[in-house]
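Before any comments, here is the structure.
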2 protein chains.
Amino acid sequence: MVEKLKEVGLKATPQRIAILRELDKKEHPTIDELYNNLKKTHPSISLATIYKNLNMLKDAGLAIEIIPPSANEKSKFDIYTEPHIHIMCKECGKVFDYYVKNAVDECNTILKEITKHNIENINVLGLITCEECRKKKKN
Amino acid sequence: MVEKLKEVGLKATPQRIAILRELDKKEHPTIDELYNNLKKTHPSISLATIYKNLNMLKDAGLAIEIIPPSANEKSKFDIYTEPHIHIMCKECGKVFDYYVKNAVDECNTILKEITKHNIENINVLGLITCEECRKKKKN
DNA sequence: GTCCATGCAAACGATTTGCATGCGT
DNA sequence: ACGCATGCAAATCGTTTGCATGGAC
């Protein structure tokens, strides 16, 4: 994590390293989950620091924000290493990663054909009902 | 618009009708654009009313929210009639609609193959640089 | 030693809420 | 006439900002 930060020209502070480590667990925390988790090891960490750093990490391409479709739901955060697709459970909000390289490209191609536009980037979020939630619903 | 509202069990108030009419112009307004436009014909309309109604219209499936990828940008709103795809200019935020029925299905199919999940719904937003913005950039 | 980062508290903006009044049915 | 909708103001929530102190380089 220290190297990643230096590569993009950011100081390797303990807080930043901790944030990246936490994101690297791939649990897709919301900001306050991140805050609560980090307080365990960094009791003095402040929310403002987390906000500031998440913005910097996003700008630097080391983190990405997963924005839910309903917008009154909270964003979740993920470490960014290579392009991948996110699937979210519409019941509980849990996020699943799919590191399938050409999936993003395929969707992109389809959009290009339809729109005749040069699609530079796509944001895809698939919505499912996860196993757990499906079970709960049955009862 | 009156009928649409009654179909979903909502009272056809002048404010609601006006909101739907405004969305039907397909200009994808933000909440305050909507507010400013509606004030012209409904000077006493309140922001709270717009917020409440947009939420109800979304829940009822008569409107959808287009959430930009950067999340500090404002959401835009659209009337919902049938599934379609949105493309957004990353420079100026302008939104373009594509009513191509099987595009949504195709993306859906790809996601299903990759994830082996039953994708119930997808949220796709394609990002481009629109003509106007491309011209501006050249200068 | 310099400059950027941190952490606190205050400021801010967007959205929601409570409540009295008005209006669609 | 009833019950939901409106509009106002206040409350709330998430996020950002300013600033003094601390820490990475």
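Per chain, numbering begins at 1; letters A, B, ... match sequence-line order. All values derive from a computational prediction rather than experimental measurement.
- One interatomic measurement links the two molecules: CD1 of B:I19 to C1' of D:dT6, which rounds to 11 Å at whole-angstrom precision.
- Between A:K58 atom NZ and D:dT15 atom P there is a gap of 10 Å when expressed in whole angstrom units.
- Closest approach of B:C89 to B:C92, counting heavy atoms only: SG-N, 3.5 Å.
- Side chains of B:T109 and B:E106: a donor-acceptor N/O pair is absent below 3.5 angstrom, by distance only.
- The backbone N or O of B:N53 sits nowhere less than 3.5 Å from a side-chain atom of B:R16 that would complete a donor-acceptor pair.
- Closest to the side chain of A:N55, out of D:dG23, D:dT16, D:dA5, is D:dT16.
- Using a 4.0 Å cut-off, no side-chain N or O of A:Y51 falls inside it from OP1 or OP2 of D:dT16.
- In this model, a donor atom of one side chain and an acceptor atom of the other lie less than 3.5 Å apart for A:E65 and A:S75.
- Residue B:K39 contributes atom NZ, which lies 13 Å from atom C1' of D:dG7 at whole-angstrom precision.
- Here A:D32 lies out of heavy-atom contact (under 4.0 Å) with every strand.
- Atom P of nucleotide D:dT6 and atom CG of B:L47 are separated by 14 Å, given to the nearest angstrom.
- Contact detail for B:L47 and B:Y35: the closest heavy-atom pair is N-CE1, 3.7 Å.
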Kindly list each side-chain donor-acceptor pair under 3.5 angstrom involving residues 124-134 of chain A, sequence neighbours excluded, with atom names and distances?
| unit_1 | atom_1 | unit_2 | atom_2 | d |
| --- | --- | --- | --- | --- |
| A:T129 | OG1 | B:E120 | OE1 | 3.3 |
| A:T129 | OG1 | B:E120 | OE2 | 2.5 |
| A:E131 | OE2 | A:R134 | NH1 | 3.4 |
| A:R134 | NH2 | A:T129 | O | 2.6 |

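- For B:N72 and D:dT15, the shortest distance from a side-chain N or O to OP1 or OP2 is not below 4.0 Å.
- Counting non-hydrogen atoms under 4.0 angstrom, B:T13 reaches the backbone sugars and phosphates but no base.
- A sub-4.0 Å separation between OP1 or OP2 of C:dG7 and a side-chain N or O of A:S44 is present.
- Between B:S46 and the phosphate of D:dT6, there is no side-chain N or O to OP1/OP2 separation shorter than 4.0 Å.
- The interatomic distance linking A:H42 (NE2) with C:dA5 (P) rounds to 16 Å, in whole Å.
- An OP1 or OP2 oxygen of C:dA5 is reached within less than 4.0 angstrom by no side-chain nitrogen or oxygen of A:N53.
- Residue B:Q15 has no polar side-chain atom (N or O) positioned under 4.0 Å from OP1 or OP2 of C:dC23.
- The CZ-C1' distance, from A:F77 to D:dG14, rounds to 11 Å in whole Å.
- Checking C:dC8, C:dG24, D:dT15 against the side-chain heavy atoms of A:K52 singles out C:dC8 as nearest.
- For A:L38 and C:dA5, the CG to C1' distance is 16 Å, given to the nearest whole Å.
- Residue B:I45 is classed as a sugar-phosphate contact, given heavy-atom separations below 4.0 Å to backbone atoms only.
- For the pair A:D59 CG and C:dA5 C1', the computed distance is 16 Å after rounding to whole Å.
- Between A:K6 and D:dC25 there is a side-chain N or O to OP1 or OP2 distance below 4.0 Å.
- Nearest-nucleotide mapping onto DNA chain D: of A:K74 and A:A48, the residue sitting toward the 5' end is A:K74.
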